[in-house]
Amino acid sequence: MNADAPLLAVRDLHVEFSVRGEGLLAPRRTLRAVNGVSFEIRPGETLGIVGESGCGKSTLARAILNLVPSQSGSIAWMGQEMRGAGASQWQAVRRHAQMVFQDPLASLNPRMNVAQIVGEPLRTHRPELSAAQVRERVAAMLDRVGLGAAHLNRYPHEFSGGQCQRIGIARALILEPRLVVCDEPVSALDVSIQAQIINLLQDLQQEMGLALVFIAHDLAVVRHVSQRILVMYLGRVMELAAKEALYSQPRHPYTQALLASVPIPDPRLERAKKVQLLQGELPSPLALPGGCVFRTRCPRAFDKCAAEVPPLAAVDAQSRAACWLYE
Ligand code: SF4
């Protein structure tokens with residue numbers, strides 16, 4: 001592995017699913033969930049990924065850890081190509097790259113107690129550790145996520161949503177990974193608990209030097225945690241920019257509409273907002289619009305937008321956007 005390479009570099013990744021058409025004899029159709037996505041992440045960095053439900057964020061998260069198969073492109077872990085790699089090579093990467101899931105309770109095995117759930121990655125990846133050493137490390141990790149060793153013998157149904165997510169975070173961090181992919185880790189939690197979980201993730205990130213891929217549909221959450229932000233729409237990257245640039249000068253019309261739809265707490269300012277909100281429904285990923293995928297909802301679309309797919313190109317030093325306005 002190349003120590004100077006990004007921790008993770010994804011190039012032109014495509015993920016497709018074959019789905020049944022409507023009707024008994026209807027032919028199968030191709031759902032393009034991730035359509036030519038590229039990005040990289042460096043050690044200790046947080047990359048936020050945002051977009052509406054159904055835009056391919058969660059599929060992308062699973063594909064980069066090989067939890068769903070990808071059809072083409074490249075997934076390089078520290079310079080080593082992993083797409084097409086065998087189970088043992090992925091097993092070695094998973095020692096360093098873990099995932100925190102959206103639904104904390106559903107992601108925990110109800111038949112295992114907390115000691116078994118959090119200790120499972122250690123038993124898989126560190127077979128040299130004795131049972132006592134595993135239990136000791138699990139107890140220490142539970143302390144770090146604010147639960148305490150008293151919970152070791154309890155089962156997932158005995159915990160609140162926020163506590164279940166702390167268990168999920170403990171399970172993801174027990175191997176001291178270099179990268180954690182967080183797939184909407186707070187969207188199933190009460191607002192009051194969301195801040196606690198985000199603060200916990202940030203504290204652990206600083207303490208352990210972790211890189212995070214943080215997926216959310218809430219722009220405020222992503223703003224709080226990320227250094228760079230990638231905006232997705234119908235499986236494609238619309239904009240990739242430094243956080244400050246994205247929030248102060250969003251370039252892509254989709255990013256502008258997403259930001260405009262975030263309410264301003266001051267009613268006077270909210271009423272005075274003169275921005276174009278996102279119109280219409282998200283098209284089906286089974287029938288993607290030709291040309292720019294955002295053109296059916298874009299207030300600035302023009303002829304070329306229907307004819308050709310805009311590439312993700314540099315607008316300035318801070319931002320890249322897939323939009324013909326910046327040709
Ligand atoms: S390429 Fe055209 S349709 Fe797409 S975002 Fe830009 S202006 Fe809108």
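As a basis for the values below, the full set of heavy atoms in this structure was taken, side chains included, without hydrogen atoms, waters or symmetry mates. Numbering of residues begins at 1 and proceeds along the displayed sequence. Whatever order the structure lists them in is the order used to number ligands and atoms, beginning at 1.
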Which atoms of ligand 1 sit under 4.0 Å from any heavy atom of Pro253?
-> 5 (S)
Identify the closest protein heavy atom to atom 6 (Fe) of ligand 1: which residue and atom is it, and at what distance?
-> Cys323 SG, 2.4 Å
Atom 2 (Fe) of ligand 1: the protein heavy-atom neighbour that sits closest, reported with distance to 0.1 Å = Cys305 SG, 2.2 Å
Strictly under 2.8 Å, is any N, O or S atom of Cys298 next to atom 8 (Fe) of ligand 1?
-> yes
Counting from 1 in the order shown, the ligand 1 atoms closer than 4.0 Å to a non-hydrogen atom of Trp324 are 1 (S), 6 (Fe)
Give the contacting part of His252 toward ligand 1: side chain, backbone, both or neither, where contact means a heavy-atom distance below 4.0 Å.
-> side chain
Aromatic plane relationship, His252 with Tyr254 - under 30° parallel, 30 to 60° tilted, over 60° perpendicular | perpendicular
ILVMFWY cluster, Ile75 and Phe39 together (side-chain gap under 4.5 Å) | yes
Minimal non-hydrogen separation, Thr30 against Leu286, with atom names | O-CD2, 3.7 Å
Taking atom types as modelled, is there a side-chain donor on Gln116 or Arg111 under 3.5 Å from an acceptor on the other?
-> no
Ala301 heavy atoms within 4.0 Å reach ligand 1 at atoms 3 (S)
Looking just at side-chain N and O atoms, do Glu184 and Ser58 make a donor-acceptor pair shorter than 3.5 Å?
-> no
Electrostatic pair Arg171-Glu120, nearest N-O below 4.0 angstrom | no
Just need the protein heavy atom nearest to atom 4 (Fe) of ligand 1, so name the residue and atom and give the distance.
-> Cys292 SG, 2.4 Å
